[in-house]
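Basis for what follows: all heavy atoms, side chains included, without hydrogens, waters or symmetry-related copies.
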Amino acid sequence: MEHESKTKMDGMEMEKGKKENGSRKGVEITMRVLALVLTMVAATVLGVAKQTEVVPIKLIPTLPPLNVATTAKASYLSAFVYNICANAIACGYTAISIVIVIISKGRRSKCLLMAVLIGDLMMVALLCSSTGAAGAIGLMGRHGNKHVMWKKVCGVFGKFCNQAAVSVAITLIASVVFMLLVVLDALKLP
């Protein structure tokens, strides 16, 4: 009698453990899909950001200004190119990690778990560094720098600056999602 109740108890605990693992896996896959979408959107928003404006340039004070069409594109600034590439790399990695998580079905080996954990850590570092680089250039464009006489350009290219700011903010959110994935992965380690 005691043996039967113990067996039933073990069965209930095993079933409860399977449900917890299933819900954790569902949360992990949901977070990975969110990271995939965020990185894809951030790369796309900054990648297509382009604005052309006519800027008056005064060459000689006695002559009227010369109107010149000027274009602002993300590809003109290396920090923005880095941010686009970092988001594209993170997006590709996330697609691969989703497949790995789905295929593994709970039979994850310690080696596979460590590989995903290290990959997630690398994405946190990559996205944080690209957010810092693009954010610094974005602030320089918005506020200028009086010490080196760099003028504000966001007054002229407002749409471009807003798209860059949105992309940087989305990249920051994606890096936070990856940090949460690192915590989730670390909790699974034996």
Side-chain angles (χ1 to χ4, degrees), residues 27-55 57 68-102 112-186:
V27 168
E28 181 179 5
I29 290 173
T30 302
M31 288 177 67
R32 289 190 185 281
V33 168
L34 177 63
L36 176 84
V37 169
L38 288 172
T39 54
M40 188 183 307
V41 168
T44 304
V45 166
L46 191 55
V48 300
K50 179 181 175 181
Q51 184 177 0
T52 302
E53 292 292 329
V54 176
V55 178
I57 297 176
V68 177
T70 308
T71 302
K73 289 173 67 172
S75 62
Y76 295 163
L77 297 164
S78 59
F80 288 163
V81 172
Y82 175 53
N83 189 276
I84 293 167
C85 292
N87 277 299
I89 290 168
C91 185
Y93 163 77
T94 307
I96 292 168
S97 71
I98 289 171
V99 171
I100 290 171
V101 168
I102 289 173
L112 184 61
L113 185 60
M114 282 303 284
V116 171
L117 175 64
I118 290 170
D120 289 347
L121 276 170
M122 289 172 59
M123 293 307 110
V124 169
L126 183 66
L127 290 176
C128 285
S129 68
S130 72
T131 300
I137 293 300
L139 282 175
M140 192 70 66
R142 185 162 305 274
H143 300 292
N145 189 331
K146 293 177 186 173
H147 301 292
V148 292
M149 294 193 206
W150 289 346
K151 306 248 185 230
K152 301 175 189 179
V153 295
C154 286
V156 177
F157 299 105
K159 178 185 163 199
F160 174 79
C161 288
N162 289 337
Q163 283 180 300
V166 166
S167 176
V168 170
I170 292 171
T171 303
L172 182 62
I173 294 168
S175 65
V176 170
V177 170
F178 273 108
M179 182 56 84
L180 293 173
L181 282 168
V182 167
V183 171
L184 197 63
D185 290 341

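Atoms CG and CG, on Leu121 and Asp185 in that order, are 8.5 Å from each other to the nearest 0.5 Å. Between the OG atom in Ser97 and the CG atom in Leu112 there is a gap of 10.5 Å [rounded to 0.5 Å]. Rounded to the nearest 0.5 Å, atoms OG (Ser175) and CG (Leu180) are 10.0 Å apart. Here the OG1-CD1 distance, from Thr171 to Ile84, works out to 9.5 Å after rounding to the nearest 0.5 Å. Rounded to the nearest 0.5 Å, atoms SG (Cys91) and CD1 (Ile89) are 11.0 Å apart. In this structure, the separation between CG on Leu172 and OG on Ser130 is 9.5 Å, given to the nearest 0.5 Å.
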Quick one: side chains of residues 147-169, donor-acceptor pairs under 3.5 Å with protein atoms, not counting sequence neighbours, listed by atom name and distance.
residue	atom	partner	partner atom	Å
Asn162	OD1	Arg142	NH2	3.4
Asn162	ND2	Gly158	O	3.3
Ser167	OG	Ala42	O	2.8

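A pairwise comparison of heavy atoms in Thr39 and Ala90 identifies CG2-CB, 3.8 Å as the closest pair. Nearest heavy-atom pair, Ala86 versus Leu127, reported as atom, atom and distance to 0.1 Å: O-CD2, 4.0 Å.
Around CE of Met31, the count of heavy atoms belonging to other residues, nucleotides or ligands within 6.0 Å exceeds 12.
For residues 117-127, the set of pairs meeting the side chain to side chain donor-acceptor pair (under 3.5 Å) definition, not counting sequence neighbours, comprises Arg32-Asp120, Tyr93-Asp120.
Considering only residues two or more places apart in sequence or on other chains, Val183 meets the side-chain contact (heavy atoms from CB on, under 4.5 Å) condition with Leu187. Applying the side-chain hydrogen bond (donor to acceptor under 3.5 Å, both in side chains) rule to Thr71 yields the partners Thr52; only residues at least two apart in sequence or on another chain are considered. Listed by chain and residue number, Tyr82 satisfy the side-chain hydrogen bond (donor to acceptor under 3.5 Å, both in side chains) test with Ser129 (two or more places apart in sequence, or in another chain). Every residue two or more places apart in sequence or in another chain was checked for a side-chain hydrogen bond (donor to acceptor under 3.5 Å, both in side chains) with Ser75, and none qualifies.
Without hydrogens or angle criteria, Asn87 side chain to Asn83 main chain gives a donor-acceptor distance under 3.5 Å.
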